[in-house]
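Basis for what follows: all heavy atoms, side chains included, without hydrogens, waters or symmetry-related copies.
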Amino acid sequence: MAASSSLLFTLLLVLLTFSDSSVQTLGLEVGINYGQIANNLPSPARVSYLLRSLNISRVKLYDADPNVLLAFANTNVEFIIGLGNEYLQNMTDPIKAQNWIQQRVQPYLTRTKITCITVGNEVYKTYDHLLWSNLLPAMQTVYNTLVNLGLDKQVTVTTAHSLDFLSVSFPPSAGAFRQDLGEYLHGILNFHAQVKSPFLINAYPYFAYKDKPNEVPLNYVLFQPNQGTMDPNTNLKYDNMLFAQIDAVYSAIKAMGHTDIEVRISETGWPSRGDENEVGATPENAGLYNGNLLRRIEEKQGTPAKPNVPIDIYVFALFNENQKPGPTSERNYGLFYPDGTPVYNIGVQGYLPELIYSSATTNNGFFICSLLVSAIAYLISS
């Protein structure tokens, strides 16, 4: 049985490699947010296969789940891992920061490609001034710990912001941060400039449309053909809101004295369902938003103010998450249902195997054979 299992597993690896290349033309040149606030999601091992079948090679987590990091070992998938807001105070302590990195990051680095740690998420949205004060020291301590461990060239440090840290977002050239955040963001920007890490924003044109559907043109937020808007200060034309939001952040950063910091999108997406008051949350609109966005990414488009800098985006999210709190939309941002079927069609093909090999399984050969047959059936159907 041992020899048979070894042979079957070798064949399976060959099929995995062939399968990945067979859908290369349908691959996504985009990152994906892999949230897990749900009780019905597939195992990380199965998710690993799904993402590789989609040719997705960049994943963002909201924690440092060891089960996920182990499942993606030796896959060459790049990971952003997260330290939640509840960790910020502890991360200002060098000893606690070192313990966390040595326990949650360092053991996986030889096999799993961890490239970035986000320290906190949308901290300024909380209006918790203790969190505000702890954010920069936590980022600095985590970074200094990486330096001390010789990992700073391999793993960078940043945080993700919601767009409500802007006081002005239009026209993009007049973008400005809220005055009450000035002292905090000044230090954050200096940190990014020093360590050369990206400035991450969570940008959702959906929210603008939901709040003012009679004022915000739907086609403008969905990347559909529209007359666009003109920035009167630069005469640059914007045919979609997301690009205008990105350039507004660049302008706000420039107003604080920095022109050498890259803005990237750590989250953007569109819900496929919502409550009655969540206007526009439909599968049709979600499909248009994400499908059109993927086309822009494939074309390596930049924004009007940064045409030579291709947009760098992590779509939210991989799966619908049935235990997320809040309105219905919060549980319906996924590209896929937990069973691996697409929520709507955006022109890509993926595959979630029904069975996956587990070293804890007593009848290993049966499970490897089952996945092998499943993989062969997938290749034939492709």
Side-chain angles (χ1 to χ4, degrees), residues 24-25 27-33 55-60 78 80 115-116 118 153 156-161 163 165-166 168-177 185 188-205 208 219-269 289-316 346:
Q24 185 81 16
T25 57
L28 304 180
E29 296 182 15
V30 65
I32 195 79
N33 283 275
N55 195 32
I56 291 178
S57 60
R58 298 190 301 153
V59 176
K60 179 170 165 282
E78 293 184 8
I80 296 176
T115 60
C116 181
T118 55
K153 304 302 182 186
T156 191
V157 175
T158 185
T159 188
H161 305 278
L163 275 188
F165 68 173
L166 292 176
V168 178
S169 60
F170 195 86
S173 59
F177 294 120
L185 285 167
I188 295 289
L189 292 171
N190 286 341
F191 173 83
H192 284 295
Q194 174 194 349
V195 307
K196 308 299 182 187
S197 63
F199 190 86
L200 302 185
I201 59 172
N202 299 338
Y204 289 88
N219 285 342
Y220 179 63
V221 292
L222 292 180
F223 303 94
Q224 290 288 87
N226 66 94
Q227 62 183 11
T229 60
M230 187 75 71
D231 186 320
N233 301 321
T234 61
N235 289 326
L236 293 174
K237 184 176 181 180
Y238 289 83
D239 66 357
N240 71 86
M241 180 176 284
L242 182 65
F243 284 17
Q245 291 175 331
I246 296 171
D247 280 350
V249 175
Y250 271 120
S251 295
I253 292 173
K254 184 177 181 180
M256 295 195 77
H258 293 278
T259 58
D260 56 347
I261 296 172
E262 183 181 355
V263 176
R264 298 181 186 174
I265 306 297
S266 42
E267 289 182 19
T268 192
Y289 182 83
N290 285 316
N292 288 333
L293 175 62
L294 291 179
R295 280 187 279 277
R296 302 271 181 144
I297 293 170
E298 288 172 354
E299 293 168 4
K300 302 188 184 302
Q301 287 192 11
T303 65
K306 298 279 187 178
N308 297 321
V309 181
I311 52 174
D312 189 305
I313 288 178
Y314 283 77
V315 169
F316 186 85
I346 55 172

* Separation between CG of Leu200 and OG1 of Thr118, rounded to the nearest 0.5 Å -> 7.5 Å

* Residue pair Ile261 / Ser197: nearest heavy atoms and the distance that separates them -> CG2-O, 4.5 Å

* Asked: What's the shortest heavy-atom distance between Val30 and Val315, and which atoms?
  -> CG2-CG2, 3.8 Å

* To do: Output all residues satisfying salt bridge (Lys or Arg N to Asp or Glu O under 4.0 Å) with Lys300, sequence neighbours left out; order by chain, then residue number.
  => Glu29

* Straight-line distance of Leu293 CG to Ile313 CD1, nearest 0.5 Å -> 4.5 Å

* To do: Could you grab the distance from atom CG of Leu236 to atom OG1 of Thr229, nearest 0.5 Å is fine?
  => 10.5 Å

* Structure fact -> Smallest heavy-atom separation, Asn33 atom then Phe316 atom, equals CB-CD1, 3.7 Å

* For Asn219, which residues count as a side chain to side chain contact (heavy atoms under 4.5 Å, CB included) partner, sequence neighbours excluded? -> Gln224, Asn226

* Structure fact -> Applying side chain to side chain donor-acceptor pair (under 3.5 Å) to Tyr314 and not counting sequence neighbours gives none

* Asked: Atom CZ in Phe165, atom CD1 in Ile188: separation rounded to 0.5 Å?
  -> 10.5 Å

* Structure fact -> Note: Lys237 and Pro304 closest approach over all heavy atoms is O-CG, 3.4 Å

* Structure fact -> Across all chains, not counting sequence neighbours, the side chain to side chain donor-acceptor pair (under 3.5 Å) partners of Ser169 are none

* Set of side chain to side chain contact (heavy atoms under 4.5 Å, CB included) partners for Asp260, sequence neighbours left out -> Ala193, Lys196, His258

* Does Ala160 offer a backbone N or O that forms a donor-acceptor pair with the side chain of Asn202 under 3.5 Å? -> no

* Student check: side-chain heavy atoms of Ile265 and Ile311 closer than 4.5 Å -> no

* To do: Evaluate the side-chain proximity of Glu262 to Lys306: yes if any heavy-atom separation is below 4.5 Å, no if none is.
  => no

* Structure fact -> Sorted by chain and residue number, the side chain to side chain donor-acceptor pair (under 3.5 Å) partners of His161 (sequence neighbours excluded) come out as none

* **Sequence-distant partners of Gln301, side chain to side chain contact (heavy atoms under 4.5 Å, CB included), two or more places apart** => Phe243, Arg296, Glu299

* By side chain to side chain donor-acceptor pair (under 3.5 Å), which residues pair with Asn233, not counting sequence neighbours? -> Ser173

* Atom pair CZ (Arg295) and CG (Asn290), whose distance is rounded to the nearest 0.5 Å -> 10.5 Å

* Is the backbone N or O of Tyr220 less than 3.5 Å from a side-chain atom of Asn240, with the two atoms forming a donor-acceptor pair by type? -> no

* Structure fact -> Note: Ala203 and Leu242 closest approach over all heavy atoms is CB-CD1, 3.7 Å

May I have the list of side-chain donor-acceptor pairs in residues 248-257 shorter than 3.5 Å, sequence neighbours left out?
residue: Tyr250; atom: OH; partner: Val263; partner atom: N; Å: 3.1
residue: Ser251; atom: OG; partner: Pro172; partner atom: O; Å: 2.8
residue: Ser251; atom: OG; partner: Asp247; partner atom: O; Å: 3.1

* Parallel, tilted or perpendicular: which describes the rings of Tyr289 and Phe223, with under 30° parallel and over 60° perpendicular? -> tilted

* **Exam field: side chain Thr158 to backbone Pro198, donor-acceptor pair closer than 3.5 Å** => yes

* Asked: Can you tell me how far the CD atom of Gln194 sits from the CG atom of Leu189, to the nearest 0.5 Å?
  -> 13.0 Å

* Asked: Heavy atoms, side chains only, cut-off 4.5 Å: are Thr268 and Gln245 in contact?
  -> no

